[in-house]
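Data block below; observations after.
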Amino acid sequence: MADDPNRSSPTPPQSKRSPWSLLGALLVLAPVAVSVVLYHTDDFHPAPIPADYFAAVAPVPERNDRILAISDRLGEGLLPGPEDLAYDEASGFLYTGCYDGWIRRVNLREEEAKVEDWAFVGGRPLGVVFAPGGDLVVAEADKGLMRVKPDGTMTMLTNEAEGVKFRLTDGVDVAIDGSIYFTDASYKYNFSEHMLDVLEGRPHGRLMSFDPSSNQTAVLARDLYFANGVSVAPDQRSVIFCETMLRRCRKYHIQGEKKGTVVDFIRDLPGLADNIRYDGQGHYWIGLSAGKTLEWDVLMKYPLLRKVLVIVEKFIKVPLAVRDSGVLKVDLEGRPLALYSDRGLALVTGGIQIGKHLYYGSLDKAYISRILI
Ligand SMILES: *[C@@H]1O[C@H](CO)[C@@H](O)[C@H](O)[C@H]1NC(C)=O
Ligand SMILES: *[C@@H]1O[C@H](CO)[C@@H](O)[C@H](O)[C@H]1NC(C)=O
């Protein structure tokens, strides 16, 4: 609605403010705002992303890209941001780390899948996995690697390696001999800033091991592009780990003559790789937190655009093109078998097959989803 210039001033008599003082305030405040912005993004230096990101998507023989319509919800409203899933076959409980610092569990053997608060670890629990003795090992994003005993007692295991603190402890798995393999997605940005790490496009991630018999933490691979999910191969000879931004998972040999070397396990994924879990039946399940979309391609191609996006984000929330998220089933050789996804899905962090169902978690939903496969 345009202002009528002939209308009498609606300004209340007590106000002496003129348009000029507003302009004056803007002239003073604008440089301050700009310098604040520059100061806060001073440390954000987006880089060209390696060519691996841009590779064409490898074909997947079987696909269902409409899984939302067939998904059930477990524990709706009671499981905020269930990131990773750990199943205890003996009890039938499915465990997950939630946004509010709780590890919760759902009894899959009950008709109505009741949710229980199990252990409060604080911070943001991401990776959760059972160790051979029955303890739950937790990658708590903010504090580091933790162990929770069945009675709820907690111990901090490690929070730094080679003098560099973890800032985003993320994926974890435990070998049969008790060795723990885990990732720190970034030594630069913490969980609440993880999008900055993704957009910066620089390798701040590490794959590490923790030996419970000596309490030693060792760095196995460094300079990783958002180091995420970890899964020990069933033959115990290697560890698979995902690098979200490069749409790939690699294999680190922990035994044999190739010990200490890294090779590709699977590349050219249909999206950004998150958690990876072995299902005990010859398959890995890889969460794809976002599909490879045109919007992401453009952002990844132009670092300057990412810088502008981060500056603009300080003032208005820019919705990022996160969709076509899902779970990919692959065989032991890293060959894709089946993709379960949906255009309307975002931030699926991981999934696993239990019986006839695929269960999957997500950062932005308050429930675990399940489909019959
Ligand atoms: C994450 O980092 C930001 C910026 O350094 C800080 O303000 C925030 O408190 C950190 N969050 C946690 C949980 O440590
Ligand atoms: C490892 O740390 C635990 C406490 O976290 C301690 O009880 C144990 O003695 C330590 N082991 C070694 C070999 O230092």
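Note that the structure is a prediction, hence the values are computed from the model and not measured. Order of appearance sets the numbers: ligands from 1, and atoms from 1 within every ligand.
Aromatic pair F166/F182: centroids less than 6.0 angstrom apart.
Between R66 and D342 there is no salt bridge, since no side-chain nitrogen of the basic residue lies less than 4.0 Å from a carboxylate oxygen of the acidic one.
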Test log, rule side-chain hydrogen bond (donor to acceptor under 3.5 Å, both in side chains), inputs N275 and E83 = CA-CA 9 Å; N275 284 314; E83 207 263 353; 3.2 Å; yes

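For ligand 1, residues of the protein lying within 4.0 angstrom by heavy-atom distance are D142, R167, N190, S192, E193.
Put simply, part of S213 is less than 4.0 Å from ligand 2, judged by heavy atoms.
Judged by the 6.0 Å distance and 45° axis criteria, K292 is positioned over the aromatic ring of Y53.
Among all heavy-atom pairs drawn from L79 and T96, the shortest one is CD2-CG2, 4.0 Å.
In terms of N/O distances under 3.5 Å, ligand 2 is not approached by S214.
At distances below 3.5 Å, at least one donor-acceptor pair connects side-chain atoms of E140 with backbone N or O atoms of D142. In this structure a side-chain-to-backbone donor-acceptor pair under 3.5 Å is present from D173 to V232.
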